[in-house]
2 protein chains.
Amino acid sequence: MATIKDVARAAGVSTATVSYVLNDSAPVSPTTRERVLAAAQQLNYQPNQLARNLQNQRSTTLALVLPPFEPEIDLGGLLRACVARATQAGYAVLVTALASDQSLAELAQRTLERGMAAGCILLQPHGADQPLNGPCVWATWPPHGTHAPAVVCDGALAAQRAVHAFQRSGRQRIGLVLAATTAGAARWYLGYRRALKAGRLPFDPELVVQSDTDDLAAGHAAGEALFAGAPLCDAVIVAGGALAVGVQQAHLRASAHAESLQLIAGFDTPLVAGAGLSALVWPVERWGQLLVEQLLNLLNGHTPPQRTCLEPSLIVRST
Amino acid sequence: MATIKDVARAAGVSTATVSYVLNDSAPVSPTTRERVLAAAQQLNYQPNQLARNLQNQRSTTLALVLPPFEPEIDLGGLLRACVARATQAGYAVLVTALASDQSLAELAQRTLERGMAAGCILLQPHGADQPLNGPCVWATWPPHGTHAPAVVCDGALAAQRAVHAFQRSGRQRIGLVLAATTAGAARWYLGYRRALKAGRLPFDPELVVQSDTDDLAAGHAAGEALFAGAPLCDAVIVAGGALAVGVQQAHLRASAHAESLQLIAGFDTPLVAGAGLSALVWPVERWGQLLVEQLLNLLNGHTPPQRTCLEPSLIVRST
DNA sequence: TATACTTACTTAAACGTTTAAGTAACCTGT
DNA sequence: ACAGGTTACTTAAACGTTTAAGTAAGTATA
């Protein structure tokens with residue numbers, strides 16, 4: 001691997017001049033510039049990023065911190081979007097995962113302090129016990145009292161949109177199923193209550209079910225709880241993927257007239273699509289893009305940190 | 001951020017001694033060792049990885065190179081497995097994506113030459129026009145003539161397993177649907193032919209359909225081609241995820257007696273699961289783990305590079 | 001014609017590590 | 001008592017960059 005010294009020697013100049021040419025950070029005569037570029041090309045010179053970052057005291061890498069559990073989101077799509085936007089800005093993306101015994105703050109902090117990344121994108125709100133002070137952007141609602149920027153998929157908007165859709169097709173008794181792993185479950189609830197009030201629908205606490213996890217089994221349980229009551233609900237919004245499919249299956253089992261239930265899944269996972277459920281689609285591509293852009297902004301100090309809410313769109317499917 | 005100099009000053013020793021203590025690469029007296037460790041702890045010292053890697057002339061990062069299209073595999077799961085195993089070995093994982101105009105070799109080579117990673121895990125066989133000579137491990141069948149190690153999900157094994165399962169339940173006319181994006185499509189075909197021969201079943205070229213992409217629409221087209229012929233096939237193995245669901249839908253549309261078709265999807269994506277299709281499950285966790293281990297082996301030169309085939313297991317679902 | 005300014009480069013220090021080579025102090029065996 | 005060896009440290013160079021400071025020309029100004 002050729003170094004800057006090799007290029008300098010080949011071009012008959014000092015390493016400084018080579019650096020000036022490559023970064024054009026100082027005026028260089030056209031003839032010299034050409035000699036340097038030719039030498040670099042001929043030696044197939046690639047600047048060493050480690051040395052660059054060490055010298056510049058800033059890494060050109062962004063870290064993506066994965067939660068220990070599988071999130072509802074399309075991780076592959078989000079990753080791809082982040083990588084695309086970061087690459088465009090000359091940054092690379094590092095992925096780190098939380099060990100079960102590790103706190104989020106600890107991992108993020110260490111990644112930053114070791115110089116392995118210039119900033120972090122945090123995919124989960126859990127485990128942020130200690131306050132963490134490096135440049136970080138949250139992909140979910142950050143812990144209370146945090147001033148860090150965030151780009152979130154807002155559950156409140158999701159719930160409102162779903163309730164409106166239900167009401168437009170004449171549904172009156174609308175249920176809500178949440179999971180403990182749902183990012184910003186409180187927001188879903190808030191949007192649900194708001195939309196009910198705005199639509200002049202009564203609120204019945206029995207129509208709200210809190211689940212533990214986001215999987216089929218939990219959906220079955222939630223469905224049983226939901227469809228046990230006497231006045232059946234005729235529409236359900238489920239803040240989950242597999243969870244929604246589980247609720248659907250529970251309903252099919254409990255009731256013969258399956259078409260009397262409208263169901264909207266909060267996240268359009270392939271599982272949900274395969275089951276033919278209507279679902280909310282979040283703009284993953286834009287999400288990743290905005291997360292990276294917010295982080296770059298934070299690093300460059302161009303604009304003050306801010307929070308962005310992404311809106312879902314509704315995709316209607318008929319089973 | 002505290003540096004090794006700060007620790008040295010605080011402990012009253014030279015930076016060399018601090019380094020010796022932290023890496024225990026040289027004998028240090030117990031009292032000094034303790035003083036150094038105390039100072040490091042108190043200053044919350046984290047060694048700078050950039051400087052370390054620069055000095056040691058080897059990065060502690062592994063690069064995962066994503067293909068430009070969405071693969072059939074569970075990217076999130078694979079990523080998680082790679083990160084887990086790499087972290088365990090003291091390595092980090094960098095993700096890079098191929099731009100559409102870029103060759104695989106170019107990207108991998110540059111990533112290595114810039115010192116951003118010590119080795120690459122390549123998720124796709126396409127675009128490897130130039131030979132690439134850095135330490136790389138393939139996650140699919142590498143281009144011909146390559147001696148690099150690989151850990152692949154073998155389509156031949158998959159096809160054989162599926163044909164056996166079909167034959168056991170009395171099916172005779174077994175179809176095969178491939179996609180251009182299928183990694184190692186030739187292997188699927190090979191296994192299919194072998195299993196037919198082993199099972200003394202006749203080979204009918206009309207029962208093999210080659211598709212372009214792996215999505216629902218392509219599945220519809222493949223299904224129409226497959227079910228147009230006079231002697232209907234009674235079982236199909238589809239080397240894809242969405243593709244399989246498409247074939248299923250085409251069959252439902254074409255024929256009233258839907259239960260007369262057995263179908264096995266080559267990859268158990270959530271979409272396939274949601275559609276209730278039987279499918280082949282690949283051990284993603286082990287895949288990622290082995291990929292990383294092979295790469296580390298290659299870097300350390302412990303064992304010679306080798307190829308590993310992973311076997312799928314069959315998960316049977318009834319619609 | 002001496003002076004100041006510009007241009008195009010070079011020299012050398014710095015970033016935070018690791019490690020070979022150097023150096024005191026102490027122990028050992030004759 | 002003195003060579004030879006061990007132990008526990010320090011000094012300084014190196015990894016591949018960037019960049020402030022220095023310098024030697026050429027060019028404009030008075």
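Computed from a prediction, not measured in an experiment: that's the story for all the values here. Sequence lines set the chain letters: A, B, ... in the order given, protein chains first and strands last, and positions in each chain run from 1.
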Is a side-chain donor or acceptor of B:Arg307 paired with a backbone partner of B:Ala148 at a separation under 3.5 angstrom? yes
Over all strands shown, is A:Thr3 touching base, sugar-phosphate only, or nothing at heavy-atom distances under 4.0 angstrom? sugar-phosphate
Touch check for B:Thr32, heavy atoms < 4.0 angstrom, all strands: base, sugar-phosphate only, or nothing? sugar-phosphate
Expressed in angstrom and rounded to an integer, what is the separation of B:Ile4 atom CD1 from D:dA12 atom P? 17 Å
Here the distance between atom C1' of D:dG16 and atom CD of B:Gln57, to the nearest Å, is 8 Å
May I have the distance from B:Asn23 (atom CG) to C:dT18 (atom C1'), rounded to whole angstrom? 8 Å
Are A:Arg52 and D:dT18 close enough that a side-chain N or O sits under 4.0 Å from OP1 or OP2? yes
Could you state the interatomic distance from CG (B:Leu78) to CH2 (B:Trp282), rounded to the nearest 0.5 Å? 13.5 Å
Hey, what do you get for CD (B:Gln46) to CG (B:Asn48), rounding to the nearest 0.5 Å? 10.5 Å
How long is the gap from CD on A:Gln306 to CG on A:Leu290, to the nearest 0.5 Å? 9.0 Å
Take atom CG of B:Asp24 and atom P of C:dT19, then tell me their distance rounded to the nearest Å. 12 Å
Rounded to whole angstrom units, what separation is found between the CG atom of A:Asn48 and the C1' atom of C:dG16? 14 Å
Whole-Å gap separating P (C:dG16) and CD (A:Glu113): 14 Å
Checking all strands, does B:Ser19 fall into the base, sugar-phosphate, or nothing category for heavy-atom contacts under 4.0 angstrom? base
Atom OH of A:Tyr20 and atom P of C:dT10: how far apart are they, to the nearest Å? 10 Å
Which part of the nucleic acid, if any, lies within reach of B:Asn53 when heavy atoms closer than 4.0 Å are counted: base, sugar-phosphate only, or nothing? nothing
State, to 0.1 Å, how close B:Tyr45 and B:Pro47 come at their nearest heavy-atom pair, and which atoms those are. OH-CA, 3.3 Å
Nearest-nucleotide wise, let me know which of B:Gln55 and B:Ala16 is further upstream toward the 5' end of DNA chain D. B:Ala16
Taking any heavy-atom pair under 4.0 Å as a contact, classify A:Thr17: base, sugar-phosphate, or nothing. base
Go nucleotide by nucleotide along DNA chain D from the 5' end; which of B:Val28 and B:Ala51 gets its closest nucleotide reached first? B:Val28
What's the closest nucleotide to the B:Val13 side chain, out of C:dA8, C:dT10, D:dT10? D:dT10
Gap between atoms CG and P, on B:Asn56 and D:dC15 respectively (whole Å): 13 Å
First encountered from the 5' end of DNA chain C, between B:Thr15 and A:Gly12: A:Gly12
